[in-house]
Structure formats: C-alpha cells, structure tokens
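One structure is given below, encoded as structure tokens.
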Amino acid sequence: MSLIFYFAPMSTATLTQIVIEELGVPCDRKQLDLKAGDAKKPEFVKINPNAKVPTIVHDGVAIWESAAITMYLGETFGVDKGLYPAPGPRRGEAMKWITWTNVSLGEAVYRRGHNGEWAAPEDKNPRALETANRDIAQLLGILDQALAGKQFLLGEFTLADAHVNSFCDWLRHSKVDFAAFANVNAWAARCAARPAYQRVMAHG
Ligand SMILES: N[C@@H](CCC(=O)N[C@@H](CS)C(=O)NCC(=O)O)C(=O)O
C-alpha cells in the first residue's frame, strides 16, 4: 500500500492531517510551501490540476478535495477502526455533514472572505459581507441544533466530527463569532480533547 499526502501547514490540509492521524495510517508526507508557489509547479499540477492541498495519492491514484479525501480515507481505513460508518444510513449521515461543511457552509465562508477580508479595498462589499455573516450564523445554528443532547454528530465520534470541527477551527481563526453556539462550542472542546487532534496541533 502506498499513500502520499501533500499538505501545507495552516491550510485546509490540516483537516486531512487530523483525519490521517485519527486513522493511524502510515503515509509519505510531502510538505509544500504555498507562498513559494510549490502548489503551482508543473509536477504538482500534474497530480492536482487545481493546484491545491490537501491532495493524496493512494496506490497511484490522485484524490483531491478535502471532503472527498475524508470520505475516501474513512471508508477505506476507518470502518474497522470504528471511525467511519459502514455503508448504510449512518454512512449517509457522515457524508451529509462532510459535504454540507465544504459546500453549504464553505460557500458562505468563501463569500464572506471574497467580500471582506480577502478582497482588495475597491472590491470590498459591506452589504454582501453582512449577508454572508448572516448566512454563516444561520448555518452554524443548524449545526448547533444537530448537536443538541449529543456528544458527537452521529452519537459516537467519527471522522465527520474531525472534518467539520477542523473546518470550524478555521472559521474561529477568521474571527467568525461562535458565542451563540453553545452546543458547537462544547462539541469542539470534545473534538479538541482527542489525542490525534492534540498531536497534530502540537507537531503539525
Ligand atoms: N476545496 C478545496 C480547497 C483547498 C484549498 O483552498 N487549499 C488552499 C490552501 S487552504 C491551497 O492549496 N491553495 C494553493 C495556494 O495557495 O497556492 C478542498 O477542500 O480541498
């Protein structure tokens, strides 16, 4: 078995790092320096034409998009370890939360960034930014409701928690206000107490 993991510190790849650490699968880690343009080099673009991390290559096949990577690693290595559901409705629930994070929550988060923090001064759009912030709050409210009375999204911890929580870490880092989401905050503390999470935070 060969598993290559292309990553960069403090990027979306952190999410995959946590997933790989939870699974304990050996991999050949290849660190890219995004500021130096490593992701745009022809040899990497051949592997991921989007020029982005995370990217994995499992037995010669390149898989990109963090949501696909979490689901793929989960079904390949996580079922026996109790970290990802076997095929069936619970698997569907895991996929639902992972996809929701990248697609629905992700859309609002990118919209927030492109109208605010990441935009050139002339492209900043306060009204669109306000709408994006409202949409993010509404989406985090959905997550908060789903966690009411539960330890983890599917009851027991799964890689869906690792994925969604690591994405939320990025939002916290981007100064999204989580004060109103008590269930999310309590769940985030449980996710952050996992040894795999702590190892990644301590050593990258
Ligand atoms: N939708 C992608 C987004 C990945 C992404 O945006 N990665 C950024 C780092 S956070 C990247 O590699 N950017 C390339 C660069 O900055 O050169 C995913 O979820 O995997």
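Read the numbers this way: they start at 1 and go in the same order the structure lists the ligands and their atoms. Counting from 1, the numbers follow the sequence of the chain as shown.
A pairwise comparison of heavy atoms in Trp97 and Ala146 identifies CZ2-CB, 3.4 Å as the closest pair.
Residue contacts with ligand 1 include Lys40, since one or more of its heavy atoms lies under 4.0 Å from the ligand.
Using a 4.5 Å heavy-atom threshold, the side chains of Met71 and Thr99 count as touching.
A donor-acceptor pair is defined here as one N or O able to donate and one able to accept, closer than 3.5 Å; such a pair exists between the side chain of Asp59 and the backbone of Ser2. With Lys124 contributing its side chain and Asn115 its backbone, the two residues share no donor-acceptor pair below 3.5 Å.
Applying the 4.0 Å criterion to heavy atoms of Asn102 picks out, from ligand 1, the atoms 19 (O). For ligand 1, the atoms closer than 4.0 angstrom to any heavy atom of Thr12 are 4 (C), 5 (C), 7 (N), 10 (S), 19 (O). The Pro54 neighbourhood of ligand 1 comprises atoms 20 (O), with distances under 4.0 Å to a heavy atom of that residue.
Distance from atom 14 (C) of ligand 1 to its nearest protein heavy atom, with residue and atom name: Ala51 O, 3.4 Å. Nearest protein heavy-atom contact of atom 13 (N) of ligand 1 is Lys52 CG, 3.9 Å. Ser66 N, 2.9 Å is the protein heavy atom nearest to atom 20 (O) of ligand 1. Here the protein heavy atom with the shortest distance to atom 1 (N) of ligand 1 is Glu65 OE1, 2.8 Å.
Below 30°, between 30° and 60°, or above 60°: for Phe157 and Phe152 the angle between ring planes is above 60°, a perpendicular geometry.
Between Glu22 and Lys81 there is no salt bridge, since none of the side-chain N atoms of the basic residue sits less than 4.0 Å from a carboxylate O of the acidic one.
For ligand 1, none of its N or O atoms has an N or O atom of Ser11 under 3.5 Å away. Any N or O atom pair closer than 3.5 Å counts here, and Val53 shares at least one such pair with ligand 1.
From Lys30, atom NZ reaches atom CZ of Phe5 across 12.5 Å, with rounding to the nearest 0.5 Å.
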